[in-house]
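Read through the structure below, which is laid out as structure tokens, and then see the notes.
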Amino acid sequence: MEPKDRPIPRRSLGSSSGIHYGSFVNSLSSLTPKAEEKEKPAISPRRAYIAVAVLCYVNLLNYTERYTIAGVLPNIQKFFTISDSTAALIQTVFICSFLLLAPLFGYLGDRYNRKYIMIGGLGVWLVTAVGSSFVTASYFWLLMLLRAMVGIGEASYSTIAPTIIGDLFVGNQRSAMICVFYLFIPVGSGLGYITGAGVANLTGDWRWALRITPILGVVGLFLLVFLCPNPPRGAAETHGEGVTEQSSYKEDVKYLLKNYIFGAVTVVTGIVGACLGSGLSRRFRDKVPNADPLICAIGLLGSAPCLFITIFVASASIPATYVFIFIGELLISLNWAVLADILLYVVVPTRRSTAEALQISVLHLLGDAGSPYLVGAISDAIRKSRSATHEWSFLSLKYSLLVCPFVGILGGLFFFITSLYIAEDRKAAAQIVEGRDGPSLDLS
């Protein structure tokens, strides 16, 4: 890897003419129409779009490979003669590696050549991913080690690729490109299940399922080398000049921790909400057959007023805002474990992987993949109704967030409808499983 990139003079974080990270004015100005008129990408639009296509392709392969293991997990268990808990450790080891190394690659990505880091990480990913398909039955520990090393490649790519896109586009174009990039997460996740199970069935050998994405990954590696640029950091906002990084890692973390409260609230409410929802489900399921969808419905409907209040209280009281965010996120999180459980008991075992894949795809497609762009598009439409000012840009974004409580209410109503049919669907699935050896069963 190269040291700090110095292709052309750049603005310093500390200079008066530079961009000040964390500045409200700079952040807000990116929402106004003038931002796209003044800020031009340093790289030609054609080359920038090609780069995004390459990054999306590799992102697709990343998530396809990640969930291929899930598609062939029963085969792996049989081959290595391992229990369910041991088999689950394969994914746990990978995720732990990914999480531990992501901060390291974040540090490197802010200081060294990002393209080289991604190429190196992808190279490690290719070798370890295909290597795990050659592990023999007596070396399960080696499979675990290789899966942990796969996390190195994914951590390097997932932390850096979005920042490349951020330096190629600005304003609405950036939002659209980021949306497209993240759309490939649910697509890749779903394809992972399908590809894993499909290739294993087609070839009769689960190992080939682990070799498909690395083979396609070689193509991605060459595309990354020849078609993906390494733009100066901040190039899109500074007419190609870029921003010189002068802060230490300690200063970076200290700055980011200022925005940590919301993240901490999300972590706590996610854990507490998931555990609470699961506990309520286990307690009331025997007494109320449709308890699970009712818990989800109550959680979403209860979160809607909290989200609504949060949007309008934010400018008046920060402490009150965090209180309502906490309650709202806690109620939303009630459905996490419960929803997963519902899927498992209304779908027959031989179709659960496909069902999980479809659920993941739909959740991401309608959730974190498309929702940021939808909110941004609504904000743009509202903003254009008046002459652009900083205050109106803020208010237009504020009003666009009202779509969130609306979707919460809509989701709650759908869960109420689900509660009318859940007992019957669960009974039907159980009957199919109990009579799986009968002549009338068709699970093909």
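Values in this document were obtained by computation on a predicted structure and should not be read as measured data. What you see below is based on every heavy atom in this structure, not just the backbone, and it leaves out hydrogens, waters and symmetry mates. Starting from 1, each residue takes its place in the sequence as its number.
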Answer yes or no: is there a donor N or O on one side and an acceptor on the other, between the side chain of [X] and the main chain of [Y], under 3.5 Å?
{"X": "N59", "Y": "L55", "answer": "no"}
{"X": "R111", "Y": "Y107", "answer": "yes"}
{"X": "S333", "Y": "G273", "answer": "no"}
{"X": "S158", "Y": "A155", "answer": "no"}
{"X": "N113", "Y": "Y116", "answer": "yes"}

Got a list of side-chain donor-acceptor pairs under 3.5 Å for residues 121-132, not counting sequence neighbours?
from: T128; atom 1: OG1; to: V124; atom 2: O; distance (Å): 2.7
from: T128; atom 1: OG1; to: W125; atom 2: O; distance (Å): 3.3
from: S132; atom 1: OG; to: T128; atom 2: O; distance (Å): 3.1
from: S132; atom 1: OG; to: A129; atom 2: O; distance (Å): 2.7

Evaluation steps, side-chain contact (heavy atoms from CB on, under 4.5 Å), between T68 and V199
CA-CA 10 Å; T68 296; V199 172; over 6 Å; no
For S189 and R66, does a side-chain donor sit closer than 3.5 Å to a side-chain acceptor?
no
Taking every non-hydrogen atom, the tightest pair across [X] and [Y]:
{"X": "I164", "Y": "C228", "result": "CG2-SG, 4.4 Å"}
{"X": "Y193", "Y": "A70", "result": "CE2-CB, 3.3 Å"}
{"X": "V180", "Y": "F184", "result": "O-CD1, 3.1 Å"}
{"X": "S396", "Y": "S379", "result": "OG-OG, 3.4 Å"}
{"X": "F80", "Y": "T136", "result": "CE2-O, 3.2 Å"}
{"X": "V347", "Y": "A429", "result": "N-CB, 4.3 Å"}

Between atom [atom1] of [X] and atom [atom2] of [Y], what is the distance when rounded to the nearest 0.5 Å?
{"X": "L101", "Y": "C96", "atom1": "CG", "atom2": "SG", "answer": "11.0 Å"}
{"X": "C56", "Y": "N62", "atom1": "SG", "atom2": "CG", "answer": "12.0 Å"}
{"X": "I325", "Y": "I309", "atom1": "CD1", "atom2": "CD1", "answer": "12.0 Å"}
{"X": "I95", "Y": "I90", "atom1": "CD1", "atom2": "CD1", "answer": "13.0 Å"}
{"X": "F326", "Y": "L331", "atom1": "CZ", "atom2": "CG", "answer": "10.0 Å"}
{"X": "L61", "Y": "I215", "atom1": "CG", "atom2": "CD1", "answer": "11.5 Å"}

Please assess I311 against Y399 for the test side-chain contact (heavy atoms from CB on, under 4.5 Å), listing each intermediate value before the final yes or no.
CA-CA 8 Å; I311 292 169; Y399 297 147; over 6 Å; no
Report yes if the side chains of [X] and [Y] come closer than 4.5 Å at any heavy-atom pair, otherwise no.
{"X": "L143", "Y": "I76", "answer": "yes"}
{"X": "W206", "Y": "F79", "answer": "yes"}
{"X": "I185", "Y": "Y182", "answer": "yes"}
{"X": "P162", "Y": "F181", "answer": "yes"}
{"X": "L168", "Y": "R47", "answer": "no"}
{"X": "I69", "Y": "L210", "answer": "yes"}
{"X": "C306", "Y": "I332", "answer": "no"}
{"X": "I160", "Y": "T163", "answer": "yes"}

Just grab all the salt bridge (charged side-chain N to carboxylate O under 4.0 Å, His left out) pairs involving [range], residues at least two apart or on different chains.
{"range": "residues 135-150", "result": "E65-R147"}
{"range": "residues 119-136", "result": "none"}
{"range": "residues 398-415", "result": "none"}

Flag if over 12 foreign heavy atoms under 6.0 Å of CZ, F324
no
Partners passing side-chain contact (heavy atoms from CB on, under 4.5 Å) against [X] (at least two apart in sequence or in another chain):
{"X": "V375", "answer": "L397, S400, L401, V403"}
{"X": "L223", "answer": "V54, Y57, V219, L227"}
{"X": "V187", "answer": "L60, L191"}
{"X": "T159", "answer": "A102, F105"}

Residues 415-427 side chain polar contacts: donor-acceptor under 3.5 Å, at least two apart:
from: T418; atom 1: OG1; to: F414; atom 2: O; distance (Å): 2.9
from: S419; atom 1: OG; to: F416; atom 2: O; distance (Å): 2.4

Quick one: salt bridge (charged side-chain N to carboxylate O under 4.0 Å, His left out) partners of R211, sequence neighbours excluded?
none
Contacts of S278 that satisfy side chain to side chain donor-acceptor pair (under 3.5 Å) - sequence neighbours left out
R282
Between side-chain atoms of residues 292-303 and protein atoms elsewhere (two or more places apart, or another chain), which donor-acceptor pairs fall under 3.5 Å?
from: D292; atom 1: OD1; to: S281; atom 2: OG; distance (Å): 2.5
from: D292; atom 1: OD2; to: R285; atom 2: NE; distance (Å): 3.4
from: D292; atom 1: OD2; to: R285; atom 2: NH2; distance (Å): 3.4
from: D292; atom 1: OD2; to: Y345; atom 2: OH; distance (Å): 2.7
from: S303; atom 1: OG; to: L300; atom 2: O; distance (Å): 2.7

Would you please classify the geometry between the Y49 ring and the F169 ring as parallel, tilted or perpendicular, with 30° and 60° separating the classes?
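Answer is tilted, since the angle falls between 30° and 60°.
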As a quick check of understanding, evaluate side-chain contact (heavy atoms from CB on, under 4.5 Å) for L280 and R283, giving each step before the final call.
CA-CA 5 Å; L280 291 172; R283 179 169 184 176; 5.6 Å; no
Report the C-alpha distance between V135 and F140 in whole Å, list the side-chain angles of each, state the deciding distance to 0.1 Å, and finish with yes or no for side-chain contact (heavy atoms from CB on, under 4.5 Å).
CA-CA 7 Å; V135 177; F140 178 71; over 6 Å; no
